S.K.: 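Structure incoming, see below.
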Amino acid sequence: MPILDIDALRTFVSVVDQGSFAAAAGRVYRTQAAVTQRIQRLEANIGRPLLRKVGRAKRLTDDGVTLLDYARRILALHDEACASLVGTKVTGEIRLGAPDDASETILPGMLRRFATMFPEVRVVIHIARSAFLMQSLKQGEIDMAISTRDDPSHPRLRLRTAPTFWLSAAEFKLVRNEPVPLVMHDEPSLFRSIALDALEKAHIPMRLTHISGSLSGIRAAVRAGLGITARSIETLEPTFRVLGTADGLPPLPDVSLYLYLATLNAHPTARQLFDSLRDSFGEPD
DNA sequence: TGATGCCTTTCAGATGATAC
DNA sequence: GTATCATCTGAAAGGCATCA
């Protein structure tokens, strides 16, 4: 049975997260050649390919997808163990902002991680849209924010990058040659911009049938079969389905989720927490 | 279509850890 | 102290995408 090396797993996860060996090399403080060799050794150790070439890019094989899930959990547990042994005691209260989508997906895992690493820190959670969270962050109203906004002016670390999908109710059918009915957030909204931009570039007519200020409102309208929306895969429900090019819709770009630290009035506890997370996630970008 | 740049892979040599 | 092994770096070569 192969024994998985922590450094090799971290390199593997970095390659997947960064999308290239060169970028991953910077994350793991090794040269590009060393990253190639680590991945090759990992694949040789397991006896199966984890990545396959698609042009210049890399794609995960089925085994790669399986290992990635385990690798993330192994690394998280490893980092928690290290933090616990190092024993840096962090106390206090931090105000953490998160968008609707993240509150149901990435946030629970992050809160669990916070609680394990820093059991004495009290977290006050603010749920709001990414754009509004960034405003609150700028004004020092919250200490940290999970956001899809790309704002390099604040210290940040990338939590993950995920594809964006067209989603509709299972029974919903797009009518060819008629404007695509859209269910979207009101402005400002990254997913709205992405969707409208993609449709415009593809010269596909559309109409905004329902606009909501909340994710639950969008879900309700999509569930009712009133239109389609563009969101990350976490928004997918059992009663939804994913639409794509076969339905005449253009592909959508990936969206990154960042954790930001306020530059104004950030509580020292938040800074400690952010630094600890940065150490376990890698350098901010 | 060729030039260019970026990225990955391969190779040779260096270095450090371990076993004897 | 020496041999062996694992892993690293840096250089070179080749593949692929982009652009004029």
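In what follows, chains are A, B, ... by sequence order, proteins preceding strands, each numbered from 1. As the structure is a computational prediction, the values presented were derived from the model and not from experiment.
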S.K.: Does any non-hydrogen side-chain atom of A:Ile142 lie less than 4.5 Å from one of A:Val124?
M.R.: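 They are not in contact (no side-chain heavy atoms under 4.5 Å apart), so the answer is no.
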S.K.: Say you draw a straight line from OG of A:Ser168 to NZ of A:Lys173; how long is it, rounded to the nearest 0.5 Å?
M.R.: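 These two atoms lie 9.5 Å from each other.
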S.K.: Check side-chain contact (heavy atoms from CB on, under 4.5 Å) between A:Thr209 and all other residues, then give those that pass, not counting sequence neighbours.
M.R.: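 Partners of A:Thr209 by the side-chain contact (heavy atoms from CB on, under 4.5 Å) criterion, ordered by chain and then number, come out as A:Pro181, A:Val183, A:Arg207.
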S.K.: Separation of A:Arg41 atom CZ from B:dT9 atom C1', in whole Å?
M.R.: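 To the nearest whole Å, that distance equals 14 Å.
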S.K.: May I have all residue pairs that pass salt bridge (charged side-chain N to carboxylate O under 4.0 Å, His left out) and include part of residues 240-250 of chain A, sequence neighbours excluded?
M.R.: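 Those involving residues 240-250 of chain A are A:Arg241-A:Asp247.
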S.K.: Output the rounded distance in Å from CZ (A:Phe21) to C1' (C:dC8).
M.R.: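 These atoms are roughly 17 Å apart.
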S.K.: Mind listing the N/O atom pairs, protein and nucleotides 11-19 of chain B, below 3.5 Å?
M.R.:
unit_1	atom_1	unit_2	atom_2	d
B:dC11	N4	A:Gln37	NE2	3.0

S.K.: Ignoring backbone atoms, test whether A:Arg38 places a side-chain nitrogen or oxygen under 4.0 Å from the OP1 or OP2 oxygen of C:dC8.
M.R.: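 Answer yes for this pair, as a side-chain N or O of A:Arg38 is under 4.0 Å from OP1 or OP2.
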S.K.: Please check if any side-chain donor atom of A:Ser130 sits under 3.5 Å from a side-chain acceptor atom of A:Arg149, or the reverse.
M.R.: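 There is no such pair between these side chains.
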